[in-house]
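A note on names: the letters A, B, ... follow the listed sequences, proteins ahead of strands, and every chain is numbered from 1. Because the structure is a prediction, the values reported are computed rather than measured.
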Amino acid sequence: MQPIYSPTSIEQETQKAWDEARAFKATEVSDKPKYYCLSMFPYPSGKLHMGHVRNYTIGDVLARYHRMKGFNVMQPMGWDAFGLPAENAAIANNVAPAAWTYSNIDYMRTQLKSLGLAVDWDREIATCKPDYYKWEQWLFTKLFEKGLIYKKTAPVNWDPVDNTVLANEQVIDGRGWRSGALVEKRDIPMYFMKITAYAEELLAGLDTLQGWPEQVRTMQRNWIGKSFGAEVHFPYESGNGVLKVFTTRPDTLMGATYVAVAAEHALATEAAQGNAELAAFIEECKHGSVAEADMATMEKKGLPTGRFVTHPLNGEKLPVWVANYVLMGYGEGAVMAVPAHDERDFAFAAKYKLPIKTVIRTSAGDATPAPWQDAYAEQGVCIQSGKYDGLDFTQASDAISTDLQTKGLGAKRTQFRLRDWGISRQRYWGCPIPIIHCASCGDVPVPEKDLPVVLPEDVKIDIGSPIKKMPSFYETSCPKCGGKAERETDTMDTFVESSWYYVRFACPDSTNAMVDARGKYWLPVDQYVGGIEHAILHLLYARFFHKLMRDVGLVQCDEPFVNLLTQGMVVAPTFYRELGEGKKQYINPADVDVKLDDKGRPTGATLKTDGQPVIIGGTEKMSKSKNNGIDPQSLIDVYGADTARLFMMFAAPPDQQLEWSDAGVEGAYRFLKRIWAFACKNNRRIAEALSSRKLGRFDWDGEAWKNAAPSQKRARYQIHQYLQQANFDLDRHQFNTVVSAAMKILNALEEDEIVAVEARQGYTPCGNVHGEFICESMSILLRLLSPITPHIARALWLELGYGDDIQTANWPKADETALVQDEIELVLQVNGKLRGNMTVAKSLPKDDIEKLALENANVQKFMEGKPAKKIIVVPGKLVNVVV
RNA sequence: GCCGGGAUGGCGGAACUGGUAGACGCACGGGACUCAAAAUCCCGCGCUAGCAAUAGCGUGGGGGUUCGAUUCCCCCUCCCGGCACCA
């Protein structure tokens, strides 16, 4: 056995052995229960970042843990390979997006393998390959035929200089990131998936997802946003037609004093004709981003259209305004305004001197004078509302809805916040939308026999998508009439690929179906692991897609992911220098020396190269812009994958943010070195213990152990106590305390070295009891660590002679008999303050405990001679004397 | 702005259902080994007062419930994630 821990050779050897044994190949033939463990696949951006390492370590720990617990585990890996960065890189480096992507995949695959993941690499997929996206196109055509995909216009960010559509992240302060031109909204035709048709089911399904974090379910619930209310029709004063609005507060209808429409609303467009001021305002509304966060934070502005509508119940004439805060995409693109009971309407009315009419009695009273109070928005009893006076929220809403229905001017309605999913992208590096535009037949889906529509990979990229300028791609004939036709040149949102990849991992090589019979075996995913930033969009789209696939008969279950673990971000300190004009030069933490005072508090920092001071910034998410990323590769090269994995698991619970620390990595490495040293030292003792077990396990109920020293029994109690804690924490995915339990076990074993001498002197008739204890404890420790640090665990398992392969060993379980204790320590309190403790027999009755507590000298001291008013005994925990 | 989450020593974090706050690790201080350094090992380490025993204070801030609150309730501050074309 090597006396020094050398991770590089151990890890290379171990990974080679796994490869040769095809140790992680997953098959559908097994008598064990299946366990499909999936981590969110990476975008091949170039090289692994710490977030990847964290994500895949968590997934791998769960996969390996379940393997040892007797599951048939499948853990796959693939590449979310389409996306915007490839096009940006292509422009910057003059390479084709495909070539850039494939070379990134090759490099990152090597990196992932060096982490020692228990992945079945035979199942690897890349979403940019035609054999993958063919099935996406196939499903698209099915959904198109079913009417679940439709076409309509929607606003995009338009760069008028580059003549291109921009992603939200490419719009910086309202300007295009390359051209600097003022971005405007432009309506273009796009394909939409009818996710709203599944809104009810997506909402109801959340209640069944007991294995998901509550916060994610709440976020999705709010995102879907089911609200109850009424549709109200305001007849145009001119007499032609009605203006429809949706409101969640029909009870306040009598307080409506104006209505507001979005700038894109038909009424606004019409009113702007011959109204230059209004036309200019609508034009102004077109600028700025389409992002909701910007819409919600911008200054609320509006202009009157000069048009009026009639209040459906009291017949009053209400002005119609155009307002920049009304969203065309939500509801009807128009709202009724009740300034007295809605904060935004109140502010708007105050700004433009519109009337405010109080119609609800709230806890703030019968009036709504400025300034705005939150109480004004409360539900209450109607006042100044004619026949509705005295009714509460529910009664008034019902009565008003009924009256509207009678008049044919509205009805009760539920409304969802969720909008249909626009999937068209005017970009190149994505899955081509399989539609052919024919002048006589319209939009025709590409027939199955002609799929896939292959994206040309050998292209030059400048501004705009090359396939839009490539007749060889778009010129085609109509599958229906055979006439001249053109292919759609838009591609799909990359969220589409990531919405179903988990299905394809079950059968990545299937050529005759999107998913074959193997899908039935593996699905649903038992454990999904990924970043919390995907809590809404990706996870909702994937749930939606699953239901679409179910409804065309591809999958059987209702939900794709049974259990979900959302991991926190990896953050690191930032360092910078002021460059003037508010600009900062960020310096990588690796290039900085931090100075500490004699209590270890940071007092300043200097750049290593010039020794001059730098400013210590905040702790932020590792990113290029803050230059605080640390390359995981350098970590693996220096310390090995086990140390990297151990640090990642130990530094924070998986769902919290993880703060990077060089010193913390050193600590993890130190622990592995200590285990190695301990194993070396006890190598012979363990071997002897193992070889003496001719008849199987050592008998922990036998005579030899009964005669062991009390200190030895305490030591074994401790080990099993730690094991029990570790198992509890593993099942609740709190891996940092599992590592801490492993550390405590090693600490106890090292302390036990001294105890052992004493133990052998007086108590043990069987000389090898101590060896048995070390042998058992070490096997517990190695198995406990093997999901987290699989290389060193396997190497020591072999070296010490426990068996062929630790991953086929049973998962360790605490021995109940070791956990039995005769005496317990009770905490003593006086008036809830800690005043001492006492050790008593576990079986001692409550009365005796109270008596003993009152006799305690320290308790008496703090009772100051006063009588006990009350004594609270918490069994096994404490005694509190109240005076 | 809206939705969701978070805040505990110098730092990362622990404390399971309201019951000993600070486990485990890092950093730091002291010591051993060494010509020296590294590595390793031992001791100390919330704050304040005290030589000490010990006492008081202490889980972002304010209030409440309770014999007892990091944990439950109300209000507030700051930080982070998401907001539909980054993935």
* Just call it for A:V882: base, sugar-phosphate, or nothing, with non-hydrogen atoms closer than 4.0 Å on any strand. => sugar-phosphate

* What is the nucleic acid contact for A:K833, judged by heavy atoms within less than 4.0 Å: base, sugar-phosphate only, or nothing? -> sugar-phosphate

* What integer number of Å spans the P atoms of B:A15 and B:U20? -> 13 Å

* In whole angstrom, what separates A:I536's CD1 from B:A84's C1'? -> 9 Å

* Asked: Which whole number of Å gives the distance between the C1' atom of B:C47 and that of B:A37?
  -> 36 Å

* To do: Would you classify A:A741 as touching base, sugar-phosphate or nothing, given that sugar-phosphate means primed atoms plus P, OP1 and OP2, and contacts are heavy atoms under 4.0 Å?
  => nothing

* Indicate, with a heavy-atom threshold strictly under 4.0 Å, whether A:P42 touches base, sugar-phosphate, or nothing. => nothing

* Asked: Is a salt bridge present between A:R425 and A:D493, judged by a nitrogen-to-oxygen distance below 4.0 Å?
  -> yes

* Asked: Below 3.5 Å, does any donor atom in the side chain of A:Q426 face an acceptor in the base of B:C85, or the other way round?
  -> yes

* Pick base, sugar-phosphate or nothing for A:M40, based on heavy-atom distances below 4.0 Å to the nucleic acid. => nothing

* Name the nucleic acid region contacted by A:R670, choosing base, sugar-phosphate or nothing; use a 4.0 angstrom heavy-atom cut-off, strictly under. => sugar-phosphate

* Sugar-phosphate only, base, or nothing, as touched by A:S498 at under 4.0 Å among non-hydrogen atoms -> nothing

* Asked: Does B:G4 have OP1 or OP2 sitting under 4.0 Å from an N or O in the side chain of A:N222?
  -> yes

* Contact class for A:F862 vs. all strands (heavy atom < 4.0 Å): base, sugar-phosphate, or nothing? -> sugar-phosphate

* **Flag for A:R674-A:N747: side-chain donor and acceptor within less than 3.5 Å** => yes

* Structure fact -> note: A:R419, atom CZ; B:A84, atom C1'; distance rounded to Å ~ 5 Å

* How far does the P atom of B:C76 sit from the matching atom of B:C2, given to the nearest Å? -> 12 Å

* Asked: When we call it a touch if two heavy atoms are under 4.0 Å apart, what does A:Q829 touch: a base, just sugar-phosphate, or nothing?
  -> base

* Asked: How many Å lie between CG on A:L672 and C1' on B:G25, as a whole number?
  -> 13 Å

* Under 4.0 angstrom, heavy atoms only, what part of the nucleic acid is A:F671 near: base, sugar-phosphate, or nothing? -> nothing

* Asked: Touch check for A:Q725, heavy atoms < 4.0 angstrom, all strands: base, sugar-phosphate only, or nothing?
  -> base

* To do: Please confirm whether A:K833 makes a cation-pi placement over A:F862, using NZ or CZ under 6.0 Å from the six-membered ring centre and within 45° of the ring normal.
  => no

* C1' atom, B:G13 versus B:G63: distance in rounded Å? -> 29 Å

* **Distance-only donor-acceptor check, side chains A:R178 and A:Q170, under 3.5 Å** => no

* base_contact_polar (B:C67 base, A:N880 side chain, donor-acceptor, <3.5 Å) -> yes

* Asked: Contact class for A:L84 (heavy atom, under 4.0 Å): base, sugar-phosphate, or nothing?
  -> sugar-phosphate

* Is there side-chain contact between A:R419 and A:T196, with heavy atoms separated by less than 4.5 Å? -> no

* Under 4.0 angstrom, heavy atoms only, what part of the nucleic acid is A:L418 near: base, sugar-phosphate, or nothing? -> base

* State plainly whether the residues A:D490 and A:K468 are in salt-bridge range, i.e. N to O under 4.0 Å. => yes

* To do: Could you work out the separation of B:A7 and B:G12 based on their P atoms and round it to a whole Å?
  => 11 Å

* Output yes when at least one side-chain N/O atom of A:N736 is less than 4.0 Å from OP1 or OP2 of B:A14, else no. => yes

* What integer number of Å spans the P atoms of B:G6 and B:U71? -> 13 Å

* Asked: Taking the P atom of each, how far is B:G58 from B:A69, in whole Å?
  -> 11 Å

* Under 4.0 Å between any heavy atoms, over every strand shown, what does A:K673 touch: base, sugar-phosphate, or nothing? Just pick one. => sugar-phosphate

* Between C1' of B:C86 and CG of A:D493, the distance in whole Å -> 11 Å

